[in-house]
Amino acid sequence: MTTNVTADTAAPLVEMRGVQKHFGDFQALKDIDLDVARGEVVVVIGPSGSGKSTLCRTINRLETITEGTIRVDGRDLPQEGAALARLRSDVGMVFQSFNLFAHLTILDNVTLGPIRVRGLKKAEAEAEAMRLLDRVGVAHQAQKFPAQLSGGQQQRVAIARSLAMKPKLMLFDEPTSALDPEMINEVLDTMVELAEEGMTMVVVTHEMGFARKAAHRVVFMADGEIVEVAEPERFFTDPQSDRAKDFLSKIL
Ligand code: ADP
Ligand code: MG
């Protein structure tokens with residue numbers, strides 16, 4: 001098998017094969033096989049502790065894996081150095097906690113990566129950042145600091161900041177679970193727009209409305225395994241496994 005060759009555009013953007021992740025004696029991921037096609041939106045759901053965050057974190061190598069292979073855009077995940085930095089630009093991640101830099105303005109939060117990592121000039125990075133902030137509806141907040149924004153606004157800034165790195169793939173790990181209910185939809189709407197524009201996305205969420213609207217496939221995890229994969233309508237109306245039925249009976 002050849003490695004480090006750019007895949008043709010028909011090949012999946014993410015290919016996970018036989019992925020195992022152990023934390024000491026505890027196995028958090030068990031034999032995960034998952035492809036994510038270019039432009040595909042995959043929603044990952046499952047009970048707390050089932051390995052959803054760990055799965056996301058392995059894709060941008062925030063977690064190393066114990067066994068198996070993960071390829072992104074035809075390349076095995078790099079170990080370190082410039083290649084790892086490039087992977088982190090290619091694979092954006094938005095977390096439950098917005099993780100903005102508190103001491104930087106909204107604008108500086110978004111331009112930091114493009115200036116440092118992509119090597120853009122300040123003016124160029126700022127023009128691009130303003131376009132992205134406008135797209136997520138917070139351009140008028142550009143000179144403020146994160147604490148002056150609502151949670152929903154901060155999360156939209158976090159999305160803009162990831163997009164500023166021109167990612168090929170976006171990972172979202174429960175992006176709305178820390179938000180007050182009235183702010184959830186403004187973030188989900190931004191994500192739906194991103195999906196409609198063709199961004200490849202892996203989204204861990206309990207927001208079934210989002211899954212129904214935007215997901216091409218739902219991946220249901222339990223105990224570190226992928227138990228069921230289905231189109232959303234099918235998954236929500238006719239889950240096949242007992243564990244999925246049980247989970248859905250508790251959340252729906
Ligand atoms: P989920 O996101 O589905 O709630 P996680 O991926 O966060 O689940 O965690 C899966 C399992 O792995 C949990 O049992 C969790 O306690 C364990 N785990 C996650 N991260 C670590 C870690 N750094 N060290 C030890 N155990 C961990
Ligand atoms: Mg989690």
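Treat the numbers as computed from the prediction; the structure is a model and nothing was measured. Along the sequence shown, the residues carry numbers beginning at 1.
There is no path of hydrophobic side-chain contacts, each under 4.5 Å, that joins F23 to I65. V218 and V36 sit in two unconnected hydrophobic clusters of ILVMFWY residues. Membership requires side-chain heavy atoms under 4.5 Å apart, directly or through other members. Both L34 and V204 sit in one connected hydrophobic cluster of ILVMFWY residues. Membership requires side-chain heavy atoms under 4.5 Å apart, directly or through other members.
Judged as a side chain to side chain contact (heavy atoms under 4.5 Å, CB included), and not counting sequence neighbours, the contacts of S249 are D246. Residues that satisfy the side chain to side chain contact (heavy atoms under 4.5 Å, CB included) test with E124, not counting sequence neighbours, are L120, K121. Scanning for side chain to side chain contact (heavy atoms under 4.5 Å, CB included) contacts around D35 gives P12, E15, R17, with sequence neighbours left out. Applying the side chain to side chain contact (heavy atoms under 4.5 Å, CB included) rule to A244 yields the partners F220, E228, F235, P239, S241; only residues at least two apart in sequence or on another chain are considered. Every side-chain hydrogen bond (donor to acceptor under 3.5 Å, both in side chains) that T105 has, sequence neighbours left out, goes to D108.
Here the OG1 atom belonging to T205 is positioned 6.0 Å from the CG atom belonging to L188, to the nearest 0.5 angstrom. Rounding to the nearest 0.5 Å places CG of L248 at 7.0 Å from CE of M208. A distance of 11.0 Å separates CG of L62 from OG1 of T54, quoted to the nearest 0.5 Å.
Within the structure, salt bridge (Lys or Arg N to Asp or Glu O under 4.0 Å) pairs that include any residue of residues 56-70 comprise K21-E63, R57-E63 (at least two apart or interchain). Residue pairs meeting the ring pair (Phe, Tyr, Trp, His ring centres under 6.0 Å) criterion with at least one member in residues 178-216, sequence neighbours excluded, do not occur.
Judged by distance alone, the side chain of E80 and the main-chain N or O of P78 form no donor-acceptor pair under 3.5 Å. Proximity of a side-chain donor or acceptor of R38 to a complementary backbone N or O of T200 within less than 3.5 Å is not detected. Side chain of R212 to backbone of E233: no donor-acceptor contact under 3.5 angstrom is found. Side chain of Q148 to main chain of F145: a donor-acceptor pair is present (N/O by atom type, distance under 3.5 Å, no hydrogens or angles).
By the 4.5 Å heavy-atom criterion applied to side chains, E207 and M191 are not counted as neighbours.
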Step-by-step side chain to side chain contact (heavy atoms under 4.5 Å, CB included) determination, R75 to R86: CA-CA 12 Å; R75 293 185 178 86; R86 190 178 61 188; 3.4 Å; yes
field: Chi angles and distances behind the side chain to side chain contact (heavy atoms under 4.5 Å, CB included) call for L163, M199
entry: CA-CA 10 Å; L163 293 176; M199 177 62 76; 3.8 Å; yes
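No more than 12 heavy-atom neighbours from other residues, nucleotides or ligands sit within 6.0 angstrom of CD on E231.
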Tabulate below the donor-acceptor pairs under 3.5 Å that side-chain atoms of residues 25-32 make, not counting sequence neighbours, or state none.
| from | atom 1 | to | atom 2 | distance (Å) |
| --- | --- | --- | --- | --- |
| Q27 | NE2 | Q20 | OE1 | 2.4 |
| Q27 | NE2 | L29 | O | 3.1 |
| K30 | NZ | D223 | O | 3.0 |

Just distance, no hydrogens or angles: give the donor-acceptor pairs under 3.5 Å from side chains in residues 127-136, sequence neighbours left out.
| from | atom 1 | to | atom 2 | distance (Å) |
| --- | --- | --- | --- | --- |
| E128 | OE2 | R118 | NH1 | 2.8 |
| R135 | NH2 | E197 | OE1 | 2.5 |

Would you give me the side-chain donor-acceptor pairs under 3.5 Å for residues 164-183, sequence neighbours excluded?
| from | atom 1 | to | atom 2 | distance (Å) |
| --- | --- | --- | --- | --- |
| K168 | NZ | D73 | OD2 | 2.7 |
| D173 | OD1 | S53 | OG | 3.3 |
| D173 | OD2 | S53 | OG | 2.6 |
| E174 | OE1 | S177 | OG | 3.0 |
| S177 | OG | E174 | O | 2.9 |

Check residues 39-49 and write down every donor-acceptor pair under 3.5 Å in which the side-chain atom is one partner and the other belongs to a residue at least two apart or another chain.
| from | atom 1 | to | atom 2 | distance (Å) |
| --- | --- | --- | --- | --- |
| E40 | OE1 | A37 | N | 3.0 |
| E40 | OE1 | R217 | NH2 | 3.0 |
| E40 | OE2 | R217 | NE | 2.6 |
| E40 | OE2 | R217 | NH2 | 3.4 |

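L104 shares a hydrophobic cluster with F101, L112; the chain of contacts runs through ILVMFWY side chains whose heavy atoms sit under 4.5 Å apart.
Tested against M16, the residues T69, T58, D33 include a single side chain to side chain contact (heavy atoms under 4.5 Å, CB included) partner, T58.
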